Amino acid sequence: MYKPNPNCYGDMFAVPADILNIAVEEASKESLLAILWIFKHPSETISLDALTKALSLSADAALAALDFWVAKGVLLFTDDSGNVKFVPKAQRKAEPTYSFKETPAQSKPTHRAETLPTITFAKPTMEQIAARMREDSEVSALFTEAQCILGRTFGLDMQGTLLTFLDTYGLPKEVILTLLQHLVETGKSSSANIARVGKIWAEKEINTITEANEYIQKDSEVDALFSKLRMATGITAPKPTTKQAEYLRAWISLGFSFEMILDAYEEAAERTGKISFNYANKVLMNWKDNGFTSKADALKAKKQTSLPTSTATHKKQTSFDLDEAVRKATFSSKKQS
């Protein structure tokens, strides 16, 4: 028979019971440690640096843990504009079960990448998942192979995500497994990130292994570009945000060199005093529209545009003064005569 030692009841903090239920079914060791640390320090701002140092976690592991609890509605994530991206289930409006629809994107991106329909869905229920496993052996095979790739067992939440990929998004099984393998290899295999990337692949209609490999190649280029930008500018974030990754991917597709991107970033930093991929994007688009290949080209064009104007104004002013002086001198001579 076991029971708690009364001497252990010292410094205490509260943890919601739902967290324990989630932890038992799905949470990794890192996710459990992260959420316990967060609830033990409720008055502190959740800092990635503080979390990694306190728990001896890598930045990727800490981010994966945060993503997991955000997806569960336990943590809220707010973007730079103050918009809450994820809201706990208790605050959400009821959604139809296991359905999807395509709606126009709520806001147009400022970069000139392809605008795709936004897919929204509600995950299948436990009964629906069980029914699909009984009627289709491919579903059971998908779950089994996915667990082997991820190196962990998973519960209803991940099963619902994978079944949504297969049935609602229409992603082939081999494409789903390729996606999982890629995220495992890059250390980004949290449940929240898997759901996010799968949604992106569906919106981009990545339906073959060839298309999947092409996207993975571009994803690697985005990571490499961000790494170079970090080294050159001193950005402290270990990886780009979702929005920053969209900008980087668009800039690569449009053929901007690293030097141009760095120049635009520095221009944005000078004008705004902060990291602003949005401003840097506006600079790059302006340069592209004007045929500039570097910041030097833009400065040269600006100088050439302003120089003739000032010269012409000076010439006009000088010519006017000279004519006036001659007229006055002629009038004076005639008067004296």
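Since the structure is predicted, the reported quantities are computational estimates derived from the model, not experimental observations. Below, each value reflects all heavy atoms present in this structure, side chains not excepted, and no hydrogens, waters or symmetry copies.
Of the inter-residue distances, the one linking Asp223 atom CG with Lys228 atom NZ reads 14.0 Å to the nearest 0.5 angstrom. The distance from the CG atom of Leu32 to the CD1 atom of Ile22 is 11.5 Å, given to the nearest 0.5 Å. Atom CD1 of Ile235 is separated from atom CD of Gln244 by 6.5 Å, given to the nearest 0.5 angstrom. Here Glu145 contributes atom CD and Gln181 contributes atom CD; the two are 11.5 Å apart, rounded to the nearest 0.5 Å. To the nearest 0.5 Å, atom NE2 of residue His182 and atom OG of residue Ser189 are 11.0 Å apart. Summarising the geometry, atom CG belonging to Leu75 is positioned 5.0 Å from atom CD1 belonging to Ile38; distances are rounded to the nearest 0.5 Å.
The closest donor-acceptor contact from the side chain of Asn290 to the backbone of Phe292 lies at 3.5 Å or more, if one exists at all. Listed for the Arg230 side chain is a donor-acceptor partner under 3.5 Å among the backbone atoms of Ala237.
Across every non-hydrogen atom of Pro238 and Leu63, the tightest pair is CG-CD1, 4.0 Å. Across all non-hydrogen atoms, the minimal contact from Ala61 to Glu30 is CB-CG, 4.5 Å. Nearest heavy-atom pair, Leu177 versus Ala146, reported as atom, atom and distance to 0.1 Å: CD2-N, 4.0 Å. Contact detail for Ser31 and Trp69: the closest heavy-atom pair is O-NE1, 2.7 Å. Closest of all the heavy-atom pairs between Phe39 and Ile19 is CE1-CD1, 3.3 Å. Considering all non-hydrogen atoms of both residues, Ala280 and Ala268 come closest at N-CB, 3.8 Å.
Ring-plane geometry between Phe277 and Trp251 is classed as parallel, the angle between the planes falling under 30 degrees on a 0 to 90 degree scale with a further cut at 60.
The shortest side-chain heavy-atom distance between Phe165 and Val175 does not fall under the 4.5 Å cut-off. Within the 4.5 Å cutoff, the side chain of Val139 has no heavy atoms near those of the Lys173 side chain. By the 4.5 Å heavy-atom criterion applied to side chains, Gln128 and Asp167 are not counted as neighbours. Looking at Asn213 and Thr178, their side chains come closer than 4.5 Å, going by heavy atoms from C-beta outward. The shortest distance between side-chain heavy atoms of Tyr215 and Ile200 falls below 4.5 Å.
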Self-check item: Test log, rule salt bridge (charged side-chain N to carboxylate O under 4.0 Å, His left out), inputs Lys243 and Glu246
Solution: CA-CA 5 Å; Lys243 194 65 178 179; Glu246 288 179 8; 3.6 Å; yes
Practice problem: Decide side-chain contact (heavy atoms from CB on, under 4.5 Å) for Met285 and Leu254; before the verdict, give the C-alpha distance in whole Å, the side-chain angles of both, and the deciding distance to 0.1 Å. | Solution: CA-CA 10 Å; Met285 293 304 113; Leu254 291 170; 3.5 Å; yes
Self-check item: Derivation of the side-chain contact (heavy atoms from CB on, under 4.5 Å) call for Phe154 and Thr161
Solution: CA-CA 11 Å; Phe154 48 69; Thr161 296; over 6 Å; no
Quiz item: Taking it one step at a time, do Leu51 and Leu66 satisfy side-chain contact (heavy atoms from CB on, under 4.5 Å)?
Solution: CA-CA 10 Å; Leu51 202 59; Leu66 293 173; 3.9 Å; yes
Self-check item: Pair Lys288-Phe256, side-chain contact (heavy atoms from CB on, under 4.5 Å): steps then yes or no
Solution: CA-CA 9 Å; Lys288 183 176 179 62; Phe256 291 117; 3.9 Å; yes
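The pair Glu214-Lys218 does not meet the salt-bridge criterion, since no charged nitrogen lies less than 4.0 angstrom from a carboxylate oxygen.
Exactly one residue among Leu179, Ile176, Asn207 makes a side-chain contact (heavy atoms from CB on, under 4.5 Å) with Trp201. That residue is Leu179. With Tyr247 as the fixed residue, the side-chain contact (heavy atoms from CB on, under 4.5 Å) test singles out one of Asn278, Thr241, Val222, Leu284: Asn278.
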